[in-house]
Amino acid sequence: MREEKDLAVREFTRWSESYDRSILQWLLFGPSHRALIRRIREAVGDRPFRLLDIGCGTGVFAALVRRELPNAEVWGIDLVGGMLAKGRSRWREHAGRVLPVQGDSENLPFESGVFDVVTCANSFHHYPRQDRAVQEMARVLRPGGRLLLIDGYRDSAWGWMIYDVCVATVEGSVHHASAARFQELIAAAGLGPAIQTVHHNLAPFLLSEGVAGAGLPGPHFHRVRTPAARGGWASDRD
Ligand SMILES: C[S@@+](CC[C@H](N)C(=O)[O-])C[C@H]1O[C@@H](n2cnc3c(N)ncnc32)[C@H](O)[C@@H]1O
């Protein structure tokens with residue numbers, strides 16, 4: 001497990017230099033981000049909301065959320081300091097409304113029930129304990145909050161070739177979960193049954209959605225430990 005995370009840290013520290021110029025921005029990341037924006041807009045409307053983006057990288061998606069959905073307060077978390085550092089200008093541009101945090105998807109440094117939306121795009125295949133990561137996503141969602149999880153779709157012959165053969169060869173120890181496995185993970189975390197949409201692009205991807213609890217609206221937010229702009233923690237509203 002530790003080895004897989006060390007590998008991810010090495011890979012993304014190296015990749016951070018050219019990440020924003022990668023062809024994958026056009027091929028996969030951009031389309032997946034636009035799919036997320038559409039779903040969030042449908043789910044949240046024009047209400048203010050708090051979003052956590054897990055595996056946020058250099059903050060491309062976080063900045064897009066701020067541009068497209070100005071009522072969002074966004075936290076981005078990533079394991080790799082080098083990726084967050086490369087997003088410096090984005091964090092600065094949206095300071096106060098977008099907050100980067102360095103941390104691990106399998107152990108989120110947030111209190112329970114504090115986010116309306118949790119997103120995770122193109123990062124999940126790097127998590128050695130995918131069950132634990134989904135449990136953590138569920139934990140930080142408020143009742144009725146929504147998980148939107150995107151990763152490469154590997155259930156078709158083309159998807160299998162891209163993700164299980166090509167990507168796995170380049171990236172090493174990664175695991176693209178099947179649609180059925182996403183269903184299981186999301187249901188086991190109490191967010192199911194998952195709604196799933198396959199996007200059949202050149203680089204096909206799967207969007208799996210879950211909703212936290214059925215339940216009562218409850219207080220909109222509890223107290224939340226909010227990462228302050230320069231590290232450390234500050235109490236937030238409510
Ligand atoms: C391919 S990038 C995707 C970045 C962004 N979500 C996007 O769609 O452009 C994958 C990101 O996941 C991060 N990552 C890998 N393992 C992680 C973990 N255990 N916890 C949090 N982030 C992780 C990497 O550092 C990297 O920034």
Side-chain angles (χ1 to χ4, degrees), residues 1-37 39-40 51-68 74-88 90-91 98-110 117-137 139-140 147-153 162-163 166-168 170-177 185 199 201 203-208 227:
M1 307 274 162
R2 189 61 254 168
E3 277 166 30
E4 284 153 331
K5 287 190 189 164
D6 289 346
L7 188 69
V9 171
R10 280 200 301 278
E11 178 193 338
F12 283 102
T13 302
R14 199 169 47 238
W15 196 9
S16 63
E17 287 303 321
S18 60
Y19 184 81
D20 286 355
R21 301 188 302 276
S22 164
I23 192 172
L24 288 176
Q25 296 290 347
W26 169 76
L27 208 54
L28 176 59
F29 304 154
S32 67
H33 295 170
R34 288 193 290 279
L36 287 177
I37 294 287
R39 286 301 293 135
I40 296 168
L51 181 147
L52 172 64
D53 185 37
I54 300 176
C56 65
T58 59
V60 175
F61 177 64
L64 184 68
V65 171
R66 282 295 305 152
R67 275 199 301 280
E68 297 288 325
V74 183
W75 280 257
I77 187 165
D78 202 282
L79 185 65
V80 179
M83 290 294 277
L84 293 171
K86 277 288 163 188
R88 199 173 291 119
R90 294 191 182 99
W91 314 126
V98 177
L99 294 165
V101 182
Q102 187 171 5
D104 187 349
S105 61
E106 295 170 9
N107 185 19
L108 296 174
F110 300 101
V117 178
V118 170
T119 54
C120 179
N122 312 306
S123 179
F124 196 73
H125 54 280
H126 292 283
Y127 306 162
R129 288 293 311 272
Q130 296 184 330
D131 54 344
R132 193 178 293 173
V134 180
Q135 295 283 349
E136 279 292 87
M137 294 169 186
R139 182 184 66 73
V140 300
L147 170 65
L148 298 167
L149 181 44
I150 283 186
D151 213 351
Y153 178 64
I162 293 181
Y163 297 110
C166 301
V167 174
V170 173
E171 293 194 326
S173 183
V174 292
H175 179 68
H176 288 88
L185 290 169
H199 292 251
N201 306 330
F205 60 87
L206 174 70
L207 168 58
S208 300

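Start at 1 and go down the list; that is how both ligands and their atoms are numbered. Positions are given from 1, in the same order as the sequence printed here. Computed from heavy atoms alone, side chains included, the values below leave out hydrogens, waters and symmetry copies.
Between R90 and D20 there is a salt bridge, since a side-chain N of the basic residue sits under 4.0 Å from a carboxylate O of the acidic one. Under 4.0 Å is where a charged nitrogen must lie from a carboxylate oxygen, and between D104 and K5 at least one such pair does.
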Please tabulate, line by line, the atom pairs linking an N/O of ligand 1 to a protein N/O at a distance below 3.5 Å, with the distance in Å to 0.1, or answer 'none'.
from, atom 1, to, atom 2, distance (Å)
ligand 1, 6 (N), G55, O, 2.7
ligand 1, 6 (N), A121, O, 2.8
ligand 1, 8 (O), H33, NE2, 2.7
ligand 1, 8 (O), A121, O, 3.3
ligand 1, 8 (O), N122, ND2, 3.0
ligand 1, 9 (O), Y19, OH, 2.9
ligand 1, 9 (O), H33, NE2, 3.4
ligand 1, 12 (O), S123, OG, 2.7
ligand 1, 19 (N), D104, OD1, 3.0
ligand 1, 19 (N), S105, OG, 3.4
ligand 1, 20 (N), S105, N, 3.0
ligand 1, 20 (N), S105, OG, 3.4
ligand 1, 22 (N), L79, N, 3.3
ligand 1, 25 (O), D78, OD1, 2.6
ligand 1, 27 (O), D78, OD1, 3.4
ligand 1, 27 (O), D78, OD2, 2.7

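Taking the six-membered ring for Trp and the full ring otherwise, the centers of H126 and F12 sit less than 6.0 Å from each other.
Pairs engaging residues 23-34 under the side-chain hydrogen bond (donor to acceptor under 3.5 Å, both in side chains) rule: S32-N122 [sequence neighbours left out].
Taking the ring-ring contact (aromatic ring centres under 6.0 Å, His included) definition, one finds that W91 meets it with nothing, sequence neighbours left out. The side-chain hydrogen bond (donor to acceptor under 3.5 Å, both in side chains) search around E68 returns R41, not counting sequence neighbours.
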